[in-house]
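Here is the naming used below: chain letters follow the sequence lines, and residue numbers restart at 1 for every chain. Just so it is clear, the structure is predicted and the values come from calculations on it, not from any experiment.
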2 protein chains.
Amino acid sequence: MKQLIAEKLDQTTAILNEFDVDVWLTFVRETSLMPDPALELIAGLDFTWQSAFLLARDGRRLAIVGNFDVDNLQNLGLYDEVIGYEKGIRQHLRDALTRLNPQTIAINTSESDVAADGLTHGLYRALLAHLQETPFADRLVSAERIIAAARGRKTATEVARVRQAVATTEQLFAEVGQFVRPGMTQREIAAFVHNRVDDLGLGYAWPKPFNPIVTCGPDSAVGHAAPGDVPLQKGHTLHLDLGVKQNEYCSDLQRMWYVLDDGETAPPPEAQRAFDVVYGAIKSGEGALRPGVPGWQVDKAARDFIAANGYPEYMHAFGHLLGRTAHDGATVLGPQWERYAGICNLPVEAGNIFTLELHVVVPNRGIMSLEEDVLVTETGVEYLGAPQTELWTIGDF
Amino acid sequence: MKQLIAEKLDQTTAILNEFDVDVWLTFVRETSLMPDPALELIAGLDFTWQSAFLLARDGRRLAIVGNFDVDNLQNLGLYDEVIGYEKGIRQHLRDALTRLNPQTIAINTSESDVAADGLTHGLYRALLAHLQETPFADRLVSAERIIAAARGRKTATEVARVRQAVATTEQLFAEVGQFVRPGMTQREIAAFVHNRVDDLGLGYAWPKPFNPIVTCGPDSAVGHAAPGDVPLQKGHTLHLDLGVKQNEYCSDLQRMWYVLDDGETAPPPEAQRAFDVVYGAIKSGEGALRPGVPGWQVDKAARDFIAANGYPEYMHAFGHLLGRTAHDGATVLGPQWERYAGICNLPVEAGNIFTLELHVVVPNRGIMSLEEDVLVTETGVEYLGAPQTELWTIGDF
């Protein structure tokens, strides 16, 4: 943990200078009940009473925390100064700001990026009250660009961890391919994966009841549904959406199988074509993905490919950031809809890890949905695993 | 889960009428990254896009969620209407409010109660933008009293669950008493507890690295510290602070042992007296604890008892609410310090479950710290387990 946080803190100093911000202030309380997503980047511990983390552009790092939390943060060894308090934080916070005298103070608030919006409205008002009659109340700005950069630009350590989680997930998919037989229900297939994930001591990239999502045939719901009693049948597609959390970092992959019907030796043309078009759309999006491009433009490349091939458009985004969490904040590779406002216009950056994902429906067969995890580099795109290039089949029983 | 949420929703309707509020609006997004503590009371699921839960005083329950989350919420079967959307929530939210036409709309914001402060500042601003040029923007009030009541007044189901978690924790303490020997380190004792908790398939009331807290002798840190390499020695105290999470509900108890020195058959007078005074302070606080009393008054009874017996005051609150989480929101039995402002003046209510806890230091021996979990009833206080009434000893090896 310490190594990663040290890397993130060093990155942050550079980012503050890049965005010309004097101090980044993360202000939290009772983080086990109400976590600020930014806190895990810069401290990785829980804090009970109101706590302030002040990172200055000259590299100084101060923290003000309740007395009982001082030792833990000091043991982390990454803050120059850890100030403890007993009865209240106000005077300590004002004193620290007076010493640093920042002209701009970035706080964790954002209308569009949940990962940069850790400051609750009540705590925001408490902060304003603490800063009353100081010059600092008028110097608050949003930390959204800082957090998006710190969270979004993965370090080498972070990339290695996601790569490992992807490799583990690919192994699990291979085991699923060996395990499944026609007649098994979604629930049985999910239980197999759960046993393996639990045996391996891994975590889940999103809650276990919905991870993996298992879709078989035309009658199972598309979306965030829990696996149910729908059995896998010949002539249908099988789809898994699985993400593990390994060593604090996540994977998020979707894979497709087709269950051969009696007498079939290959998927029928409409299933094969659907796979080819989904695969082609991912390749189209991949082709548009590079530093500096706004997210919606990458989505558009995939979306246009789907439309050009005569399929209805997918009603979600083409991709999201991936890292400590499955939806790892900020930039979305999504269309310019109300719900992606502000985050689909953000530019792709080198060091971002994105999912690339979409689906079409094959009438009477089921959905066809793929998802890959890729790293954006200075020059292009690097897959963090082996993308699925062929529709896998289940058959010969 | 469904039964509990149904109970809480029924409670909420009565609470809205009690506080004369027309609609309680919980507004969230990406709750797996940024949970609103109120959401588990009324829905118990995660939601990805901006989602609104509208509970009206006449009992109507509406929810507006992203399309992919509709099925899960409908399957819960507790909302009259679940409205899905594809591109944006704004028009659906305005339409729903127009239909309900509330004169007061309570939102999840509170300066002092973290459990009632789930609305982030960015999402608050997004909500204001959604309501622009409607009459509803001016009808927003804080839901803090509603949430404090809904969370704080435990139903019979909830009390039974905490009671079970307490019983389990008492059993674990009994096992610790059998297991420990002088020479063992804090880390070894914690590992013993972790193995047992994991074997039993239980969760932790707060993060595992700090649960249990194990304090032995005069040289271990007081507070939220992780167990380290300090060995348990004869003539020292041993203290554990342990909370398990069983069936979604928590315990939070502290227990004390004294390690007999060579030739001793009982704790030395200064250790015994410290125990008696801590025990007496808890009894004093218990005596002051009843519905209607402000939290600080309960704390004062315990604090005064400590002072009257010549010990330095403890620099924390005497008690906090307990339930789904170890610090279960709102009312604190704490002194009128800045950091308890607003929450130490709240009145105790029947149905509240509180911890009662405090410590003193025994020079050269270690800390003496007890914590009990109690239910407030209409007429007084009921212990949810067997309080520790005697200082336990470890010896005869």
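Taking the six-membered ring where the residue is Trp, the centroids of A:Trp296 and A:Tyr340 are separated by 6.0 Å or more.
When heavy atoms are compared at a cutoff of 4.5 Å, A:Ala115 approaches chain B by way of both its backbone and its side chain. Both the backbone and the side chain of B:Pro35 have a heavy atom closer than 4.5 Å to some heavy atom of chain A. Proximity to chain A involves both the backbone and the side chain of B:Ile89, based on heavy atoms less than 4.5 angstrom apart. Looking at B:Ala116, neither its backbone nor its side chain comes within 4.5 Å of chain A, counting heavy atoms on both sides. Heavy atoms of B:His320 lying under 4.5 Å from chain A are absent altogether. In this structure, the portion of B:Ser110 lying under 4.5 Å from any heavy atom of chain A is its backbone and not its side chain. When heavy atoms are compared at a cutoff of 4.5 Å, B:Asn75 does not approach chain A at all. Proximity to chain A (any heavy atom under 4.5 Å) is shown, for B:Ser142, by neither the backbone nor the side chain. In this structure, chain A has no heavy atom under 4.5 Å from any part of B:Arg324. For B:Asp46, the part lying under 4.5 angstrom from a heavy atom of chain A is the side chain only.
Note on A:Asp36, A:Leu119, A:Leu33: by heavy-atom pairs under 4.5 Å with chain B, the leading option is A:Leu33. Taking chain A as the reference chain and counting heavy-atom pairs below 4.5 Å, the highest number among B:Pro207, B:Ala126, B:Ser112, B:Gly122 is found for B:Gly122. Counting heavy-atom pairs closer than 4.5 Å to chain B, the top residue among A:His316, A:Glu144, A:Gln50, A:Met34 is A:Met34. Annotation: maximal heavy-atom pairing with chain A below 4.5 Å, among B:Arg125, B:Met315, B:Lys87, occurs at B:Lys87. For the options A:Val114, A:Thr109, A:Leu123, heavy-atom pairs under 4.5 Å to chain B are most numerous at A:Val114.
To the nearest 0.5 angstrom, B:Asp299 atom CG is 7.5 Å from B:Trp337 atom CH2. Residue A:Asp241 holds its CG atom at 7.0 Å from OG of A:Ser369, rounded to the nearest 0.5 Å. Considering CG of A:Asp69 and CG of A:Leu45, their distance stands at 8.5 Å, rounded to 0.5 Å.
Contact of the A:Arg151 side chain with the A:Pro37 side chain is registered, since non-hydrogen atoms from C-beta on lie closer than 4.5 Å. Using a 4.5 Å cut-off on side-chain heavy atoms (C-beta onward), B:Trp24 and B:Asn108 make contact.
No hydrogens or angles considered: a donor-acceptor pair under 3.5 Å links the side chains of A:Tyr204 and A:Asp198.
Between A:Glu111 and B:Arg29 there is no salt bridge, since none of the side-chain N atoms of the basic residue sits less than 4.0 Å from a carboxylate O of the acidic one.
Ring-plane geometry between A:His130 and A:Phe27 is classed as perpendicular, the angle between the planes exceeding 60 degrees on a 0 to 90 degree scale with a lower cut at 30. Note on ring orientation: taking the six-membered ring where Trp is involved, the planes of B:His121 and B:Tyr124 are parallel (angle under 30°, cut-offs 30° and 60°).
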